[in-house]
J.: 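The structure follows.
Just so it is clear, the model here is predicted, and its values are computed rather than measured. So you know, we letter chains A, B, ... as the sequences are listed, proteins then strands, and number each from 1.
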Amino acid sequence: MPELPEVETVRRGLSALIIGKTIKAEQHDTPKGFPNATADVAGFMIGATITDVRRRAKVLMVDLSTEYTIVIHLKMTGQLVFRGEQVFGAGHPNESLIGELPDRSTRVTIEFTDGSHLYFNDQRKFGWMRLMPTLEVPNIDFMKKVGPEPLEADFTATEFAQRFKRRGKTNIKAALLDQTVVAGVGNIYADESLWGAKIHPKRLVNTISEDEFALLYTELRAVMNLAIEKGGSTDKNYVNAEGKRGSYMDFARVFRREGQACPRCGAEIIKFKAAGRGTHICPVCQVQ
DNA sequence: CACTTGACCTGTCCGC
DNA sequence: TGCGGACAGGTCAAGT
């Protein structure tokens, strides 16, 4: 799913919708969706009020008044959809892509005391939710290893380039997708930013110049900021907290545009596999 | 250790 | 239409 811009869009939506609400009940399908939903839920989740919704990399953190936090990773197809009283139908400007909830991909349902609900849907079941003390969240392995937030004001081009040195012998696409180098980059924004910087995804990291890293840094930040502005990318499953799609795909330059013309030079965009993932480039702008 | 590949799941699309 | 295979926004564990 969701890369940094999509998770950030969900975070913003949830912040407006659920902060201040009190949890009345929780239901989950199997341990898979919410593996540690045990006695902690009764003790620290039911009756708790939502105090904040935070994001680190592609991970969401819903903080509770009990000083526990619900940590959520949406992986490829996870969705967090809030439902109040009203559900808007087809054609309405507030139309949701999601129908009646819960549906067959609903893994977890949280009911609030005012009768509204938050649904965690996940078709492929790769995503997860965990409940843990807020103070322990930074200690989970992922949080200890994950790289800096690329959109933070104090994250510099110099630091960006520096962090790739450790991955010198791999290709730039694999390094961009490595969450321990820089946080939050996934397949869409890796391809989009490499196109922007005119770098071939299979170039080895140690062949990329300082100038190219500086350009990649600028392009990555620009692409992610634009994607947040557009509410993220909906290719298939992704929706925001209101069940609506994001529109970045309308602005994508290469991602899922194989066979179309490069918006910069007009050459035909091609697709191949790099770092084990479907990869899109302009073969004229991005030479190996 | 660094890097690559497969596994985790379900659904959809494409070619025969 | 039916069926098999490839593929899908992410991360781990296991392999080399």
Side-chain angles (χ1 to χ4, degrees), chain A residues 1-11 29-35 55-60 71-80 97-99 103-107 120-130 140-147 163-194 201-207 220 223-224 227-228 230-240 245-252 254-259 271-280:
Chain A
M1 123 156 195
E3 308 181 29
L4 186 155
E6 289 74 34
V7 180
E8 177 61 19
T9 301
V10 172
R11 186 199 69 74
D29 59 348
T30 64
K32 177 86 179 161
F34 200 163
R55 178 191 62 76
R56 176 76 172 97
K58 302 172 192 171
V59 176
L60 279 168
V71 184
I72 305 161
H73 201 308
L74 301 172
K75 291 288 181 81
M76 301 281 260
T77 55
Q79 304 167 327
L80 278 170
L97 279 190
I98 312 297
D103 64 22
R104 66 176 167 168
S105 68
T106 300
R107 309 296 163 211
F120 173 41
N121 274 18
D122 188 15
Q123 183 182 90
R124 290 174 74 181
K125 302 185 185 179
F126 293 165
W128 46 262
M129 286 179 48
R130 304 239 156 82
I140 57 184
D141 280 351
F142 179 87
M143 291 298 181
K144 286 196 284 195
K145 292 187 302 184
V146 70
R163 294 201 58 92
F164 284 90
K165 297 249 159 85
R166 211 165 38 80
R167 302 295 314 267
K169 282 199 67 185
T170 194
N171 64 61
I172 185 64
K173 173 137 182 186
L176 267 177
L177 294 174
D178 181 348
Q179 300 297 295
T180 71
V181 176
V182 176
V185 186
N187 207 32
I188 299 174
Y189 304 110
D191 282 6
E192 290 289 291
S193 59
L194 287 168
K202 287 190 169 174
R203 291 265 308 281
L204 296 189
V205 170
N206 61 17
T207 70
L220 178 63
V223 149
M224 283 192 160
I228 291 171
K230 301 299 176 192
S233 297
T234 297
D235 185 43
K236 188 161 173 24
N237 290 280
Y238 166 73
V239 291
N240 69 13
R245 64 190 308 121
S247 67
Y248 178 83
M249 290 298 276
D250 296 340
F251 300 84
V254 286
F255 192 80
R256 298 275 161 82
R257 291 195 182 277
E258 60 270 31
K271 180 180 179 183
F272 56 91
K273 195 157 270 204
R277 314 294 301 276
T279 297
H280 313 76

J.: Name the pairs: protein N/O against N/O of nucleotides 13-15 of chain B, kept only if under 3.5 Å.
T.:
none

J.: Return the nucleotide paired to C:dT16: Watson-Crick means purine N1 to pyrimidine N3 with N6-O4 or O6-N4, wobble means G-U with N1-O2 and O6-N3, both under 3.5 Å.
T.: B:dA2
J.: Does the aromatic ring of A:Tyr238 sit over the six-membered base ring of C:dG9, closer than 5.5 Å centre to centre and tilted less than 30°?
T.: no
J.: Near DNA chain B, which residues from residues 169-176 of chain A have a heavy atom under 4.0 Å away?
T.: A:Lys169, A:Thr170
J.: Applying a 4.0 Å non-hydrogen cut-off, can you work out what A:Phe255 is touching in the nucleic acid: base, sugar-phosphate, or nothing?
T.: sugar-phosphate
J.: Paired with B:dC9: which nucleotide, if any, by Watson-Crick or G-U wobble criteria at under 3.5 Å for both distances?
T.: none
J.: Mapping A:Gln179 and A:Gly278 to their closest nucleotides on DNA chain C, which lands nearer the 5' end?
T.: A:Gly278
J.: Report yes if a donor N or O on one partner sits less than 3.5 Å from an acceptor N or O on the other, where the partners are the side chain of A:Arg124 and the base of C:dA8; otherwise report no.
T.: yes
J.: P atom, B:dG6 versus C:dA6: distance in rounded Å?
T.: 12 Å
J.: Under 4.0 Å between a side-chain N/O of A:Arg166 and OP1 or OP2 of B:dC1, yes or no?
T.: no
J.: Evaluate salt bridge (Lys or Arg N to Asp or Glu O under 4.0 Å) for A:Asp122 paired with A:Lys75, printing each intermediate quantity in order.
T.: CA-CA 9 Å; A:Asp122 188 15; A:Lys75 291 288 181 81; over 6 Å; no
J.: Less than 4.0 angstrom between a side-chain N/O of A:His73 and OP1 or OP2 of C:dT11, yes or no?
T.: yes
